Amino acid sequence: MYKVCFAIFCLEYKILAGLDAAIEDGVDVISLSLGFGHSRSPLYNDTIAIGAYSAMEKGIFVSCSAGNDGPGSGTVQNGAPWILTVGASTTDRKIRAVAVLGNGAEYEGESAFQPTNFSRKLLPLVNGKYCDLLHLIDVKGKIVLCDTKRGLYREQIARTVKNAGGAGMILMNNKEGGSTTLAVYDVFSMTQVSYKDGQEIINYMKSTSTPVATISYKGTKIGDKHAPTVGYFSSRGPCLQSQGILKPDIIGPGVNVLAAWPTPIEGETTSASASSSSTFNILSGTSMSCPHLAGVAALLKSAHPDWSPAAIKSAIMTTADVVNLGNDPIQDETLERADLLAVGSGHVNPSRANDPGLIYDIQPEDYIPYLCGLNYTDDQVSVIVKKKVHCTSSIPQSELNYPSFSIPKESSAQTYTRTVTNVGEAISAYTVKVSGLKGVEVTVNPKILKFTVLNQKASYNVTVKTLDLTGHSQGCIVWSSDRYSVRSPIHVFPHISVI
Ligand SMILES: *[C@@H]1O[C@H](CO)[C@@H](O)[C@H](O)[C@H]1NC(C)=O
Ligand SMILES: *[C@@H]1O[C@H](CO)[C@@H](O)[C@H](O)[C@H]1NC(C)=O
Ligand SMILES: *[C@@H]1O[C@H](CO)[C@@H](O)[C@H](O)[C@H]1NC(C)=O
Ligand SMILES: *[C@@H]1O[C@H](CO)[C@@H](O)[C@H](O)[C@H]1NC(C)=O
């Protein structure tokens, strides 16, 4: 571990010093759970991209958090193509706190604070709106419905309700929060419910003059069929600095992650339960998902010591899961099918990643024509690669040998070439299938890739012809053999200028 942040400050020169120290120490994998909010800096002005380039050049894998600025579009950070950019998803474990209403309806929310002696009797239910002006209403001994509001932390809201004498609180998500509920070790009897459930609770309150409710604590439940879903906060693509690379790359566990914590978490809670001296905590954020992927990369690196960072990344991306435990396409916080700009290649599947069949490899020097293609000056490219560069050749961004595709819509047909390396079975043949793309015609050539030895390379072309210049189009290219399925998502987007 390299300490680069002090109090709330993460100074850029300290991050670079930390990365240099890690490189010097000969680490194999770096997990970097930090970023500078939603960065609009070009790569030559992006400290983490510059530091990570040096690490990648030395064969070190770098996993970074995608950021917690979602669900708005274009909020992803750490989007350099030599970095694995990790979004956050839920797991199938919920720490249930059910809101029970007088009409018998039950809404499954979450809280990691699970009192055993909470009233089973229905208590009066009042709407505290944002719960910042509770002196205006009588909440004593009642359950208070509160709406989440930007700027107020859950703990502040809970404390206000508690101090006003409330018996318990139902915290409903705003629209943006959708279905993402957090299991926080709260200071108070409460539950957090989804936006949709919150609206139904409001409707119930409108339907009766004497609304009542209680909270029923159910402890840990495993098996949520919606999991993994994208957490509402998980930053979304496109990466404004390089729209020709699909970001984030992958999602991994980052909502309600239980982990060791340096200090007891009880803080000022009144409940002096045995867990109050606990040095575990539950947190959510892409800072939690990034180290999961760093761990997966470490496993792959030990199983395949000769794989480059790009090869490890390819293995993780082309084998990712695209369906949830209920076998439906992975959803976002709205419980609608998640966009590629939210999930990238999908949800990490470590065992499949260990045996991907084919990989899309990239050597450090391959990034130079890519950077020149971003129209950076020689000096700007030199800042990133830390040696004198003359841009003699350049490629469009989408031409980098990346394991996913992000392709701008152009009026004429465009062809992109990819090269795969056989790391599966020596004698093997793969056939291609393109699916899901609307408004564009995608042709792959050749349609069969044959291999006779391991580490043999083969190239194919993808030609994209735009039929309809408006709107995004999403789908995938899958190369399949008897044993393997190597999947690359394709995002085809109408060109948008960077503001
Ligand atoms: C480079 O980054 C600095 C701060 O880190 C910022 O003030 C400056 O505007 C950035 N320049 C460009 C071209 O983005
Ligand atoms: C539940 O138990 C805690 C700890 O013993 C106590 O502080 C609290 O007042 C109790 N709550 C109720 C509703 O009885
Ligand atoms: C770089 O400049 C060329 C020529 O002006 C232009 O066609 C291309 O879109 C530019 N690329 C980027 C990434 O801005
Ligand atoms: C792929 O495209 C390149 C450049 O457009 C071309 O030279 C090459 O022959 C193509 N290969 C195949 C298999 O179509």
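Quick caveat: nothing in here was measured; it's all calculated off a predicted structure. Position 1 is the first residue of the sequence; numbering continues from there. Both ligands and their constituent atoms are indexed starting at 1 by order of listing.
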Please report whether ligand 4 has a polar contact with T417, defined as an N or O pair separated by less than 3.5 Å (distance criterion only). no
For K388, look at atom NZ and say whether over 12 heavy atoms of other residues, nucleotides or ligands are found less than 6.0 Å away. yes
Atom 2 (O) of ligand 3: any protein heavy atom closer than 4.0 Å: yes
Of all the atoms in ligand 3, which lie at a distance below 4.0 Å from a heavy atom belonging to N375? 1 (C), 2 (O), 3 (C), 8 (C), 10 (C), 11 (N), 12 (C), 14 (O)
For atom 5 (O) of ligand 4, closest protein heavy-atom neighbour: T415 CG2, 4.3 Å
Do the charged groups of D355 and R483 touch, with an N to O distance under 4.0 Å? yes
Ignoring hydrogens and geometry beyond distance, is a side-chain donor-acceptor pair present between Q414 and S412 at under 3.5 Å? yes
Which residue pairs pass the side-chain hydrogen bond (donor to acceptor under 3.5 Å, both in side chains) test with at least one member in residues 307-325, sequence neighbours excluded? S308-D361, K313-Y402, D321-N349
the protein heavy atom lying closest to atom 9 (O) of ligand 4 turns out to be N461 ND2, 4.7 Å
Would you verify that at least one protein heavy atom lies under 4.0 Å from atom 7 (O) of ligand 3, or report that none does? no
Check this for me: E24, atom CD, are more than 12 non-hydrogen atoms of other residues, nucleotides or ligands nearer than 6.0 Å? no
Are a donor atom and an acceptor atom from the side chains of T180 and E333 found within less than 3.5 Å of each other? no
Top protein contact for atom 13 (C) of ligand 3, by heavy-atom distance: Q397 NE2, 3.6 Å
